[in-house]
A.B. asks: 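Would you mind keeping the following structure in view while I ask a few things?
First the proteins, then the strands, lettered A, B, ... as listed; each starts at 1.
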Amino acid sequence: MLSIRNLSKNFGGVAALHRCSFEVKENSICGLIGPNGSGKTTLFNLITGIYKCDCGDVYLKGEELTHLKPHEVARRGVGRTFQITKVFTKMTALENLLVAASKTGREVEEKALELLDFVNLLELRDEYAGNLSFGQQKLLELARVLMLEPELLLLDEALAGINPTMKLRLLELIRHLQKQGKTFLIIEHDMKAIMPLCEKLVVLDHGEKIAEGLPEDIQRNERVMEAYFGAIKC
Amino acid sequence: MRRVIAALAAILLLLPFFASPYITALLLLIFMYITLAESWNILSGYTGYVSFGHVAFFGIGAYTAALLITQKAFPWILASLLGGIVAVLFAGVIGFICLRLRGPYFAIALLGLNEAIKVIATAWESLTRGGYGISLPPVPDLRSIYYAMLLSATAVVLLTYRLASSKFGLRFLAIREDEIGAEGIGINTTRYKHAAFILSSFFPGVVGGVYAYYLSYIEPESVFSVSITVKMIVMSMFGGAGTVLGPVIGAASLALVSELFWAKFPYLHQVMFGALIVAVVLFIPGGVVALLQERNILPRSRRV
């Protein structure tokens, strides 16, 4: 589904991402982990075209995404949420969804209401997004990106900063969407929550991929332990 | 609501036949400021790209019309429309360059641009007669000017109304809210920004032409004056930027107040504008419209 090949990005002298390659299988959930500053969000920004890569390629279902602009990547079926949500705070929850649709009309509105219902925000549809809690904004952002009917969803710290009940709800939604055929690449620090969800984990440290594999193998991987302990010591 | 609008339209259409020339002249200036503030609002209120050089379109329209009237003997209405079209062409080119800039950089680039055009208009004496300015034939009938300004104001308000209640307007707002977020949901922000920029340049160009004809005399300092841009900004923000009615309310009320005060306190009313913009930003960042919406006097709709 998604294929990252040799992707590199430097900021000045800092290698934010160095020759990173991996695949995400169709209809799977892949976790992307690593200490702070390891290059996870940089990778998302490269896939979605916000940054231009220095070298390497990104392919989605065999089609190259590498040099596309962010809005083109979105239209090709890659939906993305942000670490700090980017909902439109001065628009209502419903408007946040409608603005993402390429058409207008009754059908679009029905779809938007359906999605708001899906993330339990139907009653808050006319509330300004800025008045919603952080967790609700995360859900709203997910619903908004689903308006585009993406095949691949990139979630940046999907679970950070939201309460345990909301967390369970969100995990449930992700599973449900996977059943509908969607593919996920998820950045997350809460290992306990994400381990049972993912079929595969990719671990980054200082811009390099240091491990890739089944969650239970990654847990025992020495380089991963080192990377995390090192990060804690600093 | 429809009846109120119909009554207002009837009054405004018939007014010049009853009112004194003073009232007619005052109203036509108010319509001009409504046109300017609402145009500024289409770009800056909706997409958040704050323009500090919007008077450039007004000045370009004024000079285009003045030259066409004096040198090519064009009728003033056609000359003014062409003023709007030249402003649009200009915006098309400038937008291509300037809309890559964000936030304060965009604002400052347009401020500088207007100053540059003012200098060109002053220095290019063979075409513009520089600082001597251009004199136009006198206006035979104030009413025709009144109707031209009324028509411009109505057209730009209707345009904004249409935009605001369409997907287009919502996408402009998305750019204002978070441009990267907007791109993330597949919005081609470059295209929408460009569209907003061009839409916001036409009517200032047109009323610039009408204004030149009305005054019978223009010179660079008066039609490229930064104070006109400042008025557009203050009027829009006072009424409510990013709303349909905000700039109308702001332009009408401030133009009236300004008219009442400037004769008695020619300098003080400039100070007042400055103080007002500070007060608006501090106390009613959403403007009068947002205030009325909070009190439930106006509905919370994008059509307002």
A.B. asks: Taking the six-membered ring for Trp, are A:Phe11 and A:Tyr51 parallel (under 30°), tilted (30 to 60°) or perpendicular (over 60°)?
C.D. replies: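 Geometry flag for A:Tyr51 against A:Phe11: perpendicular rings.
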
A.B. asks: Please tell me if the side chains of A:Ile174 and A:Leu155 come closer than 4.5 Å, counting only heavy atoms from C-beta onward.
C.D. replies: yes

A.B. asks: Can you tell me how far NZ of A:Lys209 sits from CG of A:Leu32, rounded to the nearest 0.5 angstrom?
C.D. replies: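 Going from the CG atom of A:Leu32 to the NZ atom of A:Lys209 covers 11.0 Å.
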
A.B. asks: Is there side-chain contact between B:Gln293 and B:Val289, with at least one heavy-atom pair below 4.5 Å?
C.D. replies: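 Result yes, sub-4.5 Å side-chain heavy-atom pair found.
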
A.B. asks: Between A:Val99 and B:Leu173, is any pair of side-chain heavy atoms under 4.5 Å apart?
C.D. replies: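 A:Val99 does not reach B:Leu173 side chain to side chain.
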
A.B. asks: For a 4.5 angstrom cut-off between non-hydrogen side-chain atoms, does B:Tyr46 reach B:Leu163?
C.D. replies: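 In short, these two side chains do not touch, never coming nearer than 4.5 Å.
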
A.B. asks: Hey, can you tell me if B:Phe96 and B:His194 have their rings parallel, tilted or perpendicular (30° and 60° cut-offs)?
C.D. replies: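 Tilted.
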
A.B. asks: Which heavy atom of B:Ile34 sits nearest to which heavy atom of B:Ala153, and what is that distance?
C.D. replies: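 Closest approach of B:Ile34 to B:Ala153, heavy atoms only: CG2-CB, 4.0 Å.
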
A.B. asks: Quick check: under 4.5 Å, non-hydrogen atoms only, which of residues 60-82 of chain A neighbour chain B?
C.D. replies: A:Pro70, A:His71, A:Ala74, A:Arg75, A:Phe82

A.B. asks: Examine whether an atom of A:Thr89 lies under 4.5 Å from a heavy atom of chain B, and if so say whether it belongs to the side chain, the backbone or both; otherwise answer neither.
C.D. replies: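 Both parts, backbone and side chain.
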
A.B. asks: Which of residues 295-304 of chain B get closer than 4.5 angstrom to chain A, counting heavy atoms alone?
C.D. replies: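 Contacts with chain A: B:Arg300, B:Arg302.
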
A.B. asks: Less than 4.5 Å apart, any side-chain heavy atom of B:Tyr49 and any of B:Glu179?
C.D. replies: yes

A.B. asks: Checking side-chain hydrogen bond (donor to acceptor under 3.5 Å, both in side chains) for the pair B:His54/B:Ser39: CA distance, chi angles, key distance, verdict?
C.D. replies: CA-CA 9 Å; B:His54 237 61; B:Ser39 297; over 6 Å; no

A.B. asks: Out of B:Gly181, B:Ala174, B:Gly184, B:Gly242, return the one with the most heavy atom pairs under 4.5 angstrom to chain A.
C.D. replies: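 The candidate making the most pairs under 4.5 Å is B:Ala174.
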
